[in-house]
Amino acid sequence: MKSLILIVSSCFWVFTGIFAQNRPSLLPEPTSVQYGNGALAVNNVSLYVPSTASKDIVFALKELQQTLRERSGKPVKTASTLAASRVRYTVKTTGRELPETDEATKGSTREHYSLSVSAQGIRIEAETSTGLWYAVQTLRQLIQGEGEQATIPYVTITDRPTMAFRGVMMDFAHGGLLTVDEIKRQIDFLARWKTNQYYFYNEVSIELEGYSTLNYKANYTQEEVKSIIAYARERHMDVIPFVNFYGHLHELIRNEKYASLAIGRYGHEMDPRNAGVKELLKNWIKQYTALFKSPFIHVGFDETWETKRLNSTEEKSLNPEALYIQQLTFVSEELKKYGKTLLAWTDMSSFYPDIIKKFPADVIPVIWQYSPDSAATYHYLNPILNEKKPFFIQPAVSGWGHIYPEAGYTYDNIDLCLRAGLRHQTLGFITSVWTDSVEPFVRSSWMFMAYGCISAWQGKSPNQKDFARKYASLVYPNIAQEMGEAFDNIAISVEYLKKCLGKNTQSMPRGTLVEAWSNPFSAYYLTNTEAHMADFREVRKYSEEAQANLIAALKKASKTDREFANSLLVSARLINYSAMRFMWARTVVDRWDYAMVMKKKEDYVIYDLTYPCHSLLVDAMDETGELKREYETAWLSECMPYRLNSILGRFDVEYSLWRKLHLKVIDFQIKRQKDVPVKSFVEVFNPDF
């Protein structure tokens, strides 16, 4: 048992009725909270750190020091002795900084803590340093006011998590690759919400010895991964390797050197019958287990559709279910040698209803379901329940198909998975963040990641209606109103955009993003825009309100907050442009056809379309060019350059559409024969990329 003393001056301010009406927002909500009347002045707190304190204890205390300093504006006073102290904390057990494999089944108290603030000061009692760390996160939220006015209300709190394993899965395979600094900022952020697992989803984006040409300059070095693991450990978060060992390996088998390992030429899946596959995986498993010290590993095994397709077309002798189990059993047996506990997805039960029965006994099934559909969730969950297997459940932030995540859909998906998981005693809860569309900024998903982690700790979902405002007050205290309003306005604009776009998602589940770059002059989209013009106007109205909120926030934000506000601002502008491009196309066509075809009179229409500084085609060119530059800046503030050009190319193609039309209209004016009837805009100019 170790004790640490905090010295707190007897000076404090007492608030009665007014204070009671302004309780701080606490997310996650502690198990029990009882407020008293009064508050402790932050700038009178002093801290003593025993020389014998372990690194994990010291780290938590340094976090407390930094938090108090940020809010009071002054360095925290250092106490010289223990004897005069009135405020203490106790950590009962040393070590055990990270989740343990049996944490969900043995009734672990590793993360429990209690916290009290009174006239006598602050007292923290925790089972381990993890509980101390979580108490510090709660204290961060309890502080009210700034500078001399910063106080901590009198309160008694006891707290423990509802779920033992509370994780976020970050996609490092499909979209841009976050910089190491950005990953660490993300880990800092997730630690605020008492997250204890960080799933590092990787296909070939980690450098492996002997595979130097595999995603060269588009991966993380092993030293970088080690630094991420160490950084997360300090914050009591276990970094878990999430590596697909069957499908989703196009980036490997598209190379000639490895193409023969595939079950289909240049496809997605390895061939379990190929001895070379086993040799490669033995090598990979050895390297991954040496790099990641977590007792867990997630091996994917989802969406092995290519094998199923080949079975129904080219190779009818294939038995996809048997091959799946063969591969999973091999991987399981190999990882047993390294003492790893395996997690694997179960979506193939949709095609093979009895496949769960054939899972190796020690593999933990993971149910993923990314829609707010109870029937769809239980479609995958029932086979697990029938076999009485322990399981994890995994919802997702619905952000891969939209410029900004679909808020209501995401909240509902997380809520449904939470209820189903709690009803059937899930071992853990993993909130997914996918980057399939490449374009959306990951920062837009942070609030929803927090929502999932908060829900898993407190065992209930936050109130959807006021969550964004509460979240903003905790994360952006100096610009809370502006950010809260921006979150709400962007979410509404996305809802309106969904009414207009989303039929074509390029085989991805849901989303407006694919259609957002379609030819707005095609017959389908001209008709669609006419039908949804009112909705497109609402998209622009709310996205413009969000832009105003964010511009106001930028004027008084800190450097870190400014980067996030700017990313949201670029997203809001992109949403606005998605609506504008369709509206402008419809307006251009209507303006031309009315004047030139119906009235047979130019009536300044060419001026309206092509005037160098104030016209519809120039508007589109200007906004496309500005957005490209702003987008690149925002991208590079969170990601490596990898895949950036794939997105910037969209802006280039988009600009060329409007520029070509601009030139064609001018050319028409020059060459026009006055006595020849003018056809419709689409017939004359054939607008296309």
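Predicted model, so just to flag it, every value in this text is computed and none were measured. Quick note: residue numbers are just sequence positions, from 1.
- Across R235, M169, M170, a single residue satisfies side-chain contact (heavy atoms from CB on, under 4.5 Å) together with Y198, and that is M170.
- Side chain of R254 to backbone of R265: no donor-acceptor contact under 3.5 angstrom is found.
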Would F200 and H298 count as a ring-ring contact (aromatic ring centres under 6.0 Å, His included) if you check the C-alpha gap in whole Å, the side-chain angles of each, and the deciding distance to 0.1 Å? CA-CA 9 Å; F200 198 110; H298 197 313; over 10 Å; no

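- Between Y113 and W457, the ring planes are tilted. Angles from 30° to 60° get that label.
- With values rounded to the nearest 0.5 angstrom, Q137 atom CD is found 10.0 Å from T195 atom OG1.
- A side-chain donor-acceptor contact under 3.5 Å links N413 to the backbone of A396.
- At least one test fails for R233 against the ring of Y231: distance under 6.0 Å to the centre or angle within 45° of the axis.
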Salt bridge (Lys or Arg N to Asp or Glu O under 4.0 Å) between E234 and K55, intermediate numbers included: CA-CA 9 Å; E234 289 178 322; K55 288 182 179 180; over 6 Å; no

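- The shortest side-chain heavy-atom distance between Y324 and I355 falls under the 4.5 Å cut-off.
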Please test E334 against K278 for salt bridge (Lys or Arg N to Asp or Glu O under 4.0 Å), starting from the C-alpha separation and ending with a verdict. CA-CA 10 Å; E334 194 64 24; K278 291 182 171 59; over 6 Å; no

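- More than 12 heavy atoms of other shown residues, nucleotides or ligands fall within 6.0 angstrom of atom CZ in R96.
- Side-chain contact check for I240 versus F292: every heavy-atom pair is 4.5 Å or farther apart.
- If you look at W133 and F59, their ring centroids are closer than 6.0 Å.
- The closest side-chain heavy-atom distance from S432 to Y370 is below 4.5 Å.
- In summary, E100 and K106 engage in a salt bridge, as defined by a charged side-chain N under 4.0 Å from a carboxylate O.
- Proximity of the aromatic rings of F242 and F172 is defined here by a centroid distance below 6.0 angstrom, and this criterion is not met.
- Using a 4.5 Å heavy-atom cutoff, the side chains of L178 and V442 are in contact.
- A search for side chain to side chain contact (heavy atoms under 4.5 Å, CB included) contacts involving L636 returns E632, P641, L644, not counting sequence neighbours.
- Side-chain contact between P383 and T346 is absent, with no heavy atoms from C-beta onward closer than 4.5 Å.
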Starting from the C-alpha separation in whole Å, work towards a yes-or-no answer on ring-ring contact (aromatic ring centres under 6.0 Å, His included) for Y201 and W434. CA-CA 9 Å; Y201 180 83; W434 292 106; 4.9 Å; yes

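- H268 places no side-chain N or O within donor-acceptor distance of the main-chain N or O of H250, the cut-off being under 3.5 Å.
- No donor-acceptor pair closer than 3.5 Å links the side chain of E387 to the backbone N or O of K389.
- Checked against the 6.0 Å centroid criterion, the rings of F487 and F467 do not qualify as a close aromatic pair.
- S349 places no side-chain N or O within 3.5 Å of a backbone atom of Y352 that could act as its donor or acceptor partner.
- In this structure, R166 fails the cation-pi test against F429, since its NZ or CZ atom is not both closer than 6.0 Å to the six-membered ring centre and inside 45 degrees of the ring normal.
- Separating the CD1 atom in I393 from the CZ atom in F391 is a distance of 5.5 Å, to the nearest 0.5 Å.
- Using bins of under 30°, 30° to 60° and over 60° for the plane-to-plane angle, the ring pair Y288/F245 lands in the tilted bin.
- Looking only at side-chain heavy atoms (C-beta outward), P462 and Y451 come within less than 4.5 Å of each other.
- When the shell of 6.0 Å around NZ of K286 is examined, it contains 12 or fewer heavy atoms from other residues, nucleotides or ligands.
- The backbone N or O of I367 lies less than 3.5 Å from no partner atom in the side chain of Q394, so there is not a single donor-acceptor pair.
- Taking 4.0 Å as the cut-off between side-chain N and carboxylate O, K194 and E111 do not count as a salt-bridged pair.
- Contact check for Q287 versus Q222: side-chain heavy atoms found under the 4.5 Å cut-off.
- To the nearest 0.5 Å, the span separating OH on Y246 from CE on M270 amounts to 11.0 Å.
- Aromatic rings from W193 and Y134 are positioned such that their centres are separated by 6.0 Å or more.
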Tell me, with the steps shown, if E269 and K308 meet salt bridge (Lys or Arg N to Asp or Glu O under 4.0 Å). CA-CA 11 Å; E269 292 154 32; K308 186 176 185 300; over 6 Å; no

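- Between F296 and F165, a ring centre-to-centre spacing shorter than 6.0 Å is recorded.
- Between W284 and Y211, the ring planes are perpendicular. Angles over 60° get that label, and only those under 30° would be called parallel.
- Residues E321 and K358 are paired through a salt bridge, judged by an N-O separation under 4.0 Å between the basic side chain and the carboxylate.
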When you look at W446 and Y471, which way does the ring-ring contact (aromatic ring centres under 6.0 Å, His included) test go after all the steps? CA-CA 11 Å; W446 281 34; Y471 168 86; 9.3 Å; no

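- A 6.0 Å sphere centred on NZ of K498 holds more than 12 heavy atoms belonging to other residues, nucleotides or ligands.
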